[in-house]
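Residue numbering restarts at 1 for every chain, and letters A, B, ... go by the order of the sequence lines. All heavy atoms count here, side chains included; hydrogens, waters and symmetry mates do not.
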2 protein chains.
Amino acid sequence: MTEQRSRRKRRGAYHHGDLRRALLDEAVRTIRADGVEALTLRAVAARLGVSRTALYRHFADKRALLTAVATEGFRMLREQIVAAWTDGGGGRAGFRDMGRAYVAFAVANPAHYRVMFGGSVPEAGDPDLRREAAGAFQALVAALVAQQRDGLVRADDPTQLAHFVWAVVHGVAMLVIDGQLHDEVTATVAEHAVERIVTGIEARDVSSYPSISWPRATL
Amino acid sequence: MTEQRSRRKRRGAYHHGDLRRALLDEAVRTIRADGVEALTLRAVAARLGVSRTALYRHFADKRALLTAVATEGFRMLREQIVAAWTDGGGGRAGFRDMGRAYVAFAVANPAHYRVMFGGSVPEAGDPDLRREAAGAFQALVAALVAQQRDGLVRADDPTQLAHFVWAVVHGVAMLVIDGQLHDEVTATVAEHAVERIVTGIEARDVSSYPSISWPRATL
DNA sequence: ACCTGAACACCGTTCAAGT
DNA sequence: ACCTGAACACCGTTCAAGT
């Protein structure tokens with residue numbers, strides 16, 4: 001621990017810590033602070049006080065490092081939305097908090113969020129990455145299933161519903177961190193989207209809405 | 001015209017065409033074929049048969065070129081969704097086509113679409129870029145206003161509604177081109193999203209939905 | 001499982017001097 | 001409004017030889 005804190009090391013010594021972890025953390029830190037385009041392997045190594053070649057003992061190349069950064073991002077995202085759902089006590093209130101937490105994560109870590117979705121990682125097939133991305137998605141599905149059990153969400157295929165909800169929060173998050181939305185309207189749009197999601201997926205008595213053509217019927 | 005087609009030029013000759021346009025087109029072509037990360041100014045110049053320094057007569061730097069690429073992308077996107085709306089005869093059917101056209105553009109030009117939103121262009125303040133992005137958004141607003149006039153969409157603030165619709169189609173588009181959605185479910189999710197948008201924004205008699213808390217009331 | 005040091009090919013960008 | 005040609009600083013990556 002103390003060894004990881006001292007960035008400069010005495011000549012001739014080895015790192016001896018968890019270098020993979022240290023490299024990953026430093027990469028995340030750099031990306032968060034200055035964006036992906038500012039990330040250079042040489043600078044990461046220099047800041048950790050290791051040689052430039054040391055990185056290749058843990059990552060095949062720069063893309064592999066970015067894949068790990070993205071994987072880490074999905075893990076953090078899952079933790080935060082699950083915490084929001086739990087702390088919110090589940091149900092409709094917890095689900096709203098979950099949606100807000102998702103957008104909040106993207107807004108708090110725009111550059112990191114971009115690495116997760118921005119295509120800088122064509123290694124979309126990486127098993128670890130796929131597992132973590134699927135894990136975050138499953139947290140959403142689980143919240144929907146729980147609400148279905150309580151009669152709060154219609155009995156549609158939860159995976160289908162989750163895809164829709166994901167698209168909305170992801171779309172809002174991307175537009176916000178892209179600066180496409182003015183600051184004044186950001187919060188309003190996010191709340192609006194959350195409400196549209198809730199009213200769009202909520203359970204209701206179908207028979208009382210005669211004029212609405214349901215998605216199932218039109219597919 | 002014919003001169004622009006011959007990529008290789010005789011020694012000592014000038015380009016004498018619309019070099020700016022040629023550089024932009026070649027950049028778009030490269031990005032479409034191989035992605036942004038494969039775009040190098042040297043290769044673009046070489047393929048056009050001009051010197052590497054010629055580019056700097058038209059673009060301040062690489063970022064300026066990418067900004068122009070993004071601007072061009074928004075222009076193309078606007079043209080295609082407006083055409084879909086018009087060809088679809090407006091109304092609810094035209095609006096569905098518009099949504100499909102949006103996602104279709106992203107799917108057909110994933111790398112280009114990413115440049116428009118991927119943050120590779122921190123020049124978000126560029127006036128031309130802002131104007132074209134706003135233009136595409138306005139096409140969406142106009143379609144919503146037209147539907148409101150026909151009583152097809154609720155009388156909420158159209159800009160607000162447009163933000164929501166944009167977030168949904170953008171979210172779906174991003175998830176699809178990111179490979180987060182399996183191919184089999186892509187079309188289904190897109191159609192589901194379009195239907196959710198339509199039913200989520202459609203005009204209906206509020207008095208007959210006593211249990212629904214409307215967004216306005218909760219903001 | 002790291003280190004040093006050198007090297008390679010490639011990049012964006014600048015400059016000087018032309019036409 | 002272009003051209004040539006040289007140069008600079010920086011990059012990811014590899015290799016050889018160590019401990």
Side-chain angles (χ1 to χ4, degrees), chain A residues 3-27 30-31 34-70 115 119-123, chain B residues 1 3-4 6-27 30-31 34-70 115 119-123:
Chain A
E3 195 173 5
Q4 285 196 42
R5 281 183 190 262
S6 72
R7 297 210 179 161
R8 296 294 167 187
K9 309 185 62 273
R10 61 204 177 282
R11 276 203 165 280
Y14 282 5
H15 185 266
H16 278 326
D18 187 346
L19 182 57
R20 194 195 131 90
R21 186 74 235 173
L23 288 164
L24 184 52
D25 289 344
E26 184 61 38
T30 304
I31 288 168
D34 306 314
V36 217
E37 74 283 352
L39 180 75
T40 73
L41 303 187
R42 294 166 111 103
V44 167
R47 275 195 294 267
L48 290 176
V50 298
S51 73
R52 299 192 296 268
T53 58
L55 182 139
Y56 293 92
R57 291 286 129 193
H58 300 278
F59 299 99
D61 51 19
K62 188 176 186 178
R63 205 157 68 179
L65 175 62
L66 284 174
T67 302
V69 168
V115 174
S120 8
V121 183
E123 301 291 12
Chain B
M1 276 301 168
E3 196 174 3
Q4 286 197 42
S6 72
R7 297 207 178 165
R8 297 293 166 184
K9 307 187 62 273
R10 61 202 178 283
R11 277 207 162 277
Y14 282 4
H15 186 268
H16 279 325
D18 188 345
L19 183 56
R20 194 195 130 91
R21 185 73 235 174
L23 288 164
L24 184 51
D25 288 345
E26 185 59 38
T30 304
I31 288 169
D34 306 314
V36 218
E37 73 284 353
L39 180 75
T40 73
L41 302 188
R42 294 167 112 104
V44 167
R47 275 195 292 267
L48 289 176
V50 299
S51 73
R52 299 193 295 267
T53 58
L55 182 140
Y56 293 92
R57 289 288 128 191
H58 299 278
F59 300 99
D61 50 19
K62 188 175 185 178
R63 204 156 68 179
L65 175 61
L66 283 174
T67 301
V69 168
V115 173
S120 12
V121 184
E123 303 290 11

| query | Counting side-chain heavy atoms from C-beta on, which of D:dA7, C:dT4, C:dA6 comes nearest to A:R52? | reply | C:dA6
| task | Write down the distance separating the C1' atoms in C:dC11 and D:dC8, rounded off to the nearest Å. | result | 12 Å
| field | Nearest-0.5 Å distance that lies between atom CG in A:L55 and atom CG in A:L41 | value | 5.5 Å
| Euclidean distance, atom CZ of residue B:F59 to atom P of C:dT13 [Å, nearest integer] | 13 Å
| message | Just to verify, what does B:T40 make a side-chain hydrogen bond (donor to acceptor under 3.5 Å, both in side chains) with, not counting sequence neighbours? | response | none
| Closest contact, heavy atoms only, B:A27 versus B:V69 | CB-CG2, 4.0 Å
| note | Taken to the nearest whole Å, CZ/A:R57 to P/D:dT19 is 17 Å
| Say you pick atom P in D:dA17 and the same atom in C:dC2; how far apart are they, in whole Å? | 22 Å
| request: Would you please name every residue forming a side-chain contact (heavy atoms from CB on, under 4.5 Å) with B:A45, sequence neighbours left out? | output: B:V50
| task | List for me each residue that meets side-chain contact (heavy atoms from CB on, under 4.5 Å) alongside A:R20, sequence neighbours excluded, and say none if there are none. | result | A:D18, A:H58, A:F59, A:A68
| message | Using whole Å, what does the distance between atom C1' of nucleotide C:dA1 and atom CZ of A:R21 come to? | response | 19 Å
| said: Quick check for you: among D:dC2, D:dC15, C:dC15, whose closest atom lies nearest to any side-chain atom of B:T53? | reply: C:dC15
| To the nearest angstrom, how far is A:L23 atom CG from C:dC2 atom C1'? | 12 Å
| query | Once you round it to whole Å, what is the distance between P of C:dA1 and CG of A:L55? | reply | 15 Å
| said: Please give me the minimum heavy-atom distance between A:T30 and A:A38, naming the atom from each residue. | reply: CG2-O, 4.1 Å
| said: From CG of A:L19 over to C1' of C:dC3, roughly how many Å is that when rounded to an integer? | reply: 12 Å
| message | Going by side-chain contact (heavy atoms from CB on, under 4.5 Å), name the residues that satisfy it together with B:T53, two or more places apart in sequence or in a different chain. | response | B:S51
Every protein N/O lying under 3.5 Å from an N/O of nucleotides 10-12 of chain C:
from	atom 1	to	atom 2	distance (Å)
C:dG12	OP1	B:L41	N	3.2
C:dG12	OP1	B:K62	NZ	3.1
C:dG12	OP2	B:L41	N	3.2
C:dG12	N7	B:R42	NH1	2.3
C:dG12	O6	B:R42	NH1	3.2

| remark: Taking every heavy atom of B:L66 against every heavy atom of B:I31, the minimum-distance pair comes out as CD2-CD1, 4.0 Å
| said: Let me check I have this right: for DNA chain D, each base becomes ., (, ), [, ] or |, based on Watson-Crick or G-U pairs with both distances under 3.5 Å. What is the full string? | reply: ||.|||||...|||||.||
| query | Which heavy atom in B:L39 sits nearest to a heavy atom in B:K62, and how many Å separate them? | reply | O-NZ, 2.8 Å
